[in-house]
Amino acid sequence: MRLRFWLRWATRDLRQRWLQVLAIAAILALGTGMYAGLGGQEAWRIASLDASYAALRMYDLRLVATPGSFLDVEGARRAFAAVPGVRSVEPRLVLDTQLEVAGREGEVRVAARILGVDTDARAPGLNAVALEDGRGLGPDDHRHALLEVKFARHHGVERGARLRFAGGLEVEVVGTGHVPEHFLVMPPGSLFAFVAGEASFGVVTLPLAAAQEHGGRPGQANEVLFEIERGADASVVGGALERTAAEAFPGVAVNVSARSDDPVHHLLYADAVEDQVMLDFFAWILLAGAAFAAFNLAGRVVESQRRQIGIGMALGLPRPWIALRPVLMGLQMALIGTLLGLATGYAFAWLLGGVFEEMMPLPVWSGTLLHAPSFLAAAGLGVLLPVLATLVPVWRAVRSPPLDALHGHLAPRDSGLNRALKGLRLPGTTIAQMPWKNVLRSARRSGLTALGIAVAAILLTLFLGIQDTLAGTLGQVERALLHRGEERVTVTLGGFARSDHPQIDRLRALARDDGRPLIGALETGLLLPAELRAVGGEARLDVALEFVDPASAIWTPTVTTGALLPPAGAGELPGVVVARKLAEDLGLQVGSPAVLMHPQRLAPLLVRRAETRVVISGLHDNPVRALADVGRGQRPFTGFEDTANVLTALPAAGVDHATLRRALFDQPGIAAATPVRQVIAGLDEVTELFDGVIGVVRLAVLVLAFLIAFNATAINVDDRGREIATLFAFGLRPRTVLWLQMGENLLLGLLGAALGLLVGIPLLQYFMAVRMEDMLAEIGLLVSVAPATVVTIVLLTAGVVALTPLVMWGRLRRIDVPSTLRVME
Amino acid sequence: MIELEDVVKRYDMGPVSVRALDGVGLRVSEGEFVVILGPSGSGKSTLLNVVSALDVPSSGRVVVGGRDLTRCGAGERFAFRRETIGFVFQTFNLFPTLTALENVQFALDVRRRRGDSRAGAADVLERVGLGERRRHFPHELSGGEQQRVAIARALATGNPLLLADEPTGELDFATGVQILKLLAAHAEDGRTVLVVTHNREISRVADRVVELSSGRIVADGPPKGGKAAIDELHW
């Protein structure tokens, strides 16, 4: 038989079933398109990061003098330029201070970092600022500045605005832009690495001379940036730089690190890889669900043509020719699905790319999120599946006797589970029972449809479960920090000071204009960066070691297990209270010995790195892994007895944070004054990226559920045309038949939602414990799905599925009852 | 019971217009057993569709049970079928997920008859001789049994008009005779029965035979040779 004849017939088939073919193709498109869109995230972000860092000539090596130490700028240029392998040398002065500026919603007072850079035209221009607005700094600039763009956008600070730093320096903003070390703004001393602080930390680039003037360090720098020759070994050059520094600047301890050691640089690249792990997980589930649904539905469409297959067999048509029509239909689905998939992939990549660009702005975005290899792989699957889906029922058909096919006996011969439940008296009339009985009539079909819907519910459980988990975990962080002293302000000093320093007393005595005190309570504190490991263990984890007064009137940590002080029998070992997550990650428990690596002061200006044996004396209730507490009476092992570098201040009654911060702003020796509530507010940013991604994917998931339900309903209407016509013949109104179909869909939707939750919740726990472990290592996640979320999942899934028959309303009303009641062709 | 006045039903298929009914006039009284006879394409099924309000005539007037169907909206036509018609189809059209008893019970539930619909259905099923098969699904019944269930379903509605479209078309002779006996008994109970068939032999048991050809009534009267007993039939 001529191929053209079959193609013409296939075209008529398509015209008759175009909506079903299109819907199945759309399911395939959704799965393949999203798989392609999600699959390219890592490559796209890494390419964009590479391009961004290259465009701004981020340093290859960075030399940092220990806090409080400085280098002569000219001396540094001469000494380091001679080191083999060094191509460019750029000293700079980095100062932590406070910043005041008029923002969109009033005065803004935050911690800030000044980057004093060489603006001479001959300067190498390492770590350049990528301008978003305004102009760069030139040799004639002095009291002019570039403001980091995310901070500027957040607070509505524009070109021409005036910045004032603690200590009196005022500068004019001439431009805003991206700073390579602050593509992600991480305030120093922030609770955890993944909390961005673009609103609470301003990074300002100044001409070097202006920074030196502000810091009282004329001619000096405390950091040097290097570009090395192509092909040079960074570690070898780094070692040479350290030796040169020791020779040229004796008495100044330095640390040389590579670009990859920069925490933001490391985090952004690691995030791209770890985010891809998460997205691949979701993409596979979505693709599997779409593939499963398409396979099931395509097969059912062919089964509905069983009578025609029987006619072909009865007429002696060779089996390959019998298979050709369904295969052609499968190819139609495949072709349309692939084309729609490309469009879906582009649309999804555009949406998701927008989310990433909004949340993590970079100066250069390279290429597109749409991942060609992923798309080709998924498209291949999308082509193969419908063809297989149509071949399987045809294969079954041609192997059965022609008469069975003619009489439609390819469908299940019996009434399904209804037979087993014959004795069961369901409530209501026979009409009211029809949805139940229709679900039970073909357990396999109903089960497969429910499984397809369950995939949507699984994905919703995962996404919403992640949101709940993050919200619950961050809520616990909030409770841990705010259970007492909610209004406290952490005042970070510019360095170490004696606890009885007169400046601290002056702060205590700060008063308002009317003479009333501004500060209700003030306590000194010590916060040291440290690392902890198990005895004999290799793994080390960063901790922010806070020395806490157990009798503090303002705030103390809640110790859930053990105590702040070491247990009896621990001997002289200092006790450390850690987060449960840290203890688990290091294999420690209360009473376990551990090794603490920490700064130890040997003399007023001599600080070294020391290791001290400690004992884990307790666990606190804050999920943040890095937080660790030691009773302040145990300070002697650090050498920082009677020393403070932070203060905890409680505003006096009637004093708000803005007033207190304004008063603290011009006080010497203060680097930052941060209300604890501001830290809590920063936690919201953690969920924003997830919310953005989840918002895009959630829509796709609901569309998938709708398409599956729509197809199932459409096939049901086709399959049961005669039954529906009989109902009409007996006087049942179309809207009653619609209600029956909606009832049946609701049952399938509820079944799918239940299956989805049953599988989704354990999957969420696995995902958070295993897959997200690296991505959110710094926090002990409290995996949970809120009851309201369960209800939402059930309502969304079952609701969408139940409402789908409304789309068939017109088709129901247009059923030609007389023709349908007679023998069907 | 049934009044058709100059009923025309036209199907326009592009440039071609087919008159399935061409000016049909007909009156059927209550309690009559009427056979609509004619070859394939004569318009007999169209006539049935118009009488049952499954289709609307292109022109003319159709009054059934005192209700002018040509002036009824869609909702009224559904109500009319619920309250006036009992259907028996050539291909039975039973609901596969309902047992024999439940298929009959369905008719009572549609009519929202007071009382125990299950007991009422059981009673009707007994009358058609299928009391012992009440818990069987349609696929577990023979063709004749399925058609008897269909008749029971139509009878259970208690509606005054029973319409049967080729009720014996799928059945063998002996089974067909059983079916005819049930239909005839229903007419004897005072209900109006309209049977559409191409089988002239069946028309011999009717009170009246209306013969259609090319959409027109070509004969209307008692069967030729007089009304026969069902047991005399042979095809």
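Owing to the predicted nature of the structure, the values given are computational and were not obtained by experimental measurement. Proteins get letters first, then strands, A, B, ... in listed order; numbering begins at 1 in each.
The greatest number of non-hydrogen atom pairs below 4.5 Å with chain A, out of B/L54, B/N103, B/N93, B/L94, is found for B/N93. Most heavy-atom pairs under 4.5 Å with chain B: of the set A/G731, A/P818, A/A725, this distinction falls to A/G731. For chain B, the option among A/D816, A/L727, A/N438 with the highest count of heavy-atom pairs below 4.5 Å is A/L727.
You'll find the side chain of B/Q105 stays beyond 4.5 Å of the side chain of A/T429, heavy atoms only. Residues A/M434 and B/F106 form a side-chain contact, since some pair of their non-hydrogen atoms from C-beta on lies under 4.5 Å apart. Using a 4.5 Å heavy-atom cutoff, the side chains of A/T726 and B/F89 are in contact.
Shown here is A/W18, whose CH2 atom has no more than 12 heavy atoms of other residues, nucleotides or ligands within 6.0 Å. The 12-atom threshold is not exceeded at CZ of A/R813, counting heavy atoms of other residues, nucleotides or ligands nearer than 6.0 Å.
Between B/G75 and A/R733 the shortest heavy-atom distance is O-NH2, 4.3 Å. Scanning both residues, A/P734 and B/F78, for their nearest heavy atoms gives CD-CZ, 3.3 Å.
The salt bridge (Lys or Arg N to Asp or Glu O under 4.0 Å) pairs that include a residue from residues 72-83 of chain B are B/R67-B/E83, where partners are two or more places apart or lie in different chains.
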Under the side-chain contact (heavy atoms from CB on, under 4.5 Å) rule, what do B/F95 and A/T430 come out as? Steps first, then yes or no, please. CA-CA 11 Å; B/F95 297 114; A/T430 52; over 6 Å; no

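Residue B/T46 does not touch chain A at all, counting heavy-atom pairs closer than 4.5 Å.
Between B/F137 atom CZ and A/K437 atom NZ the span is 6.0 Å, to the nearest 0.5 Å.
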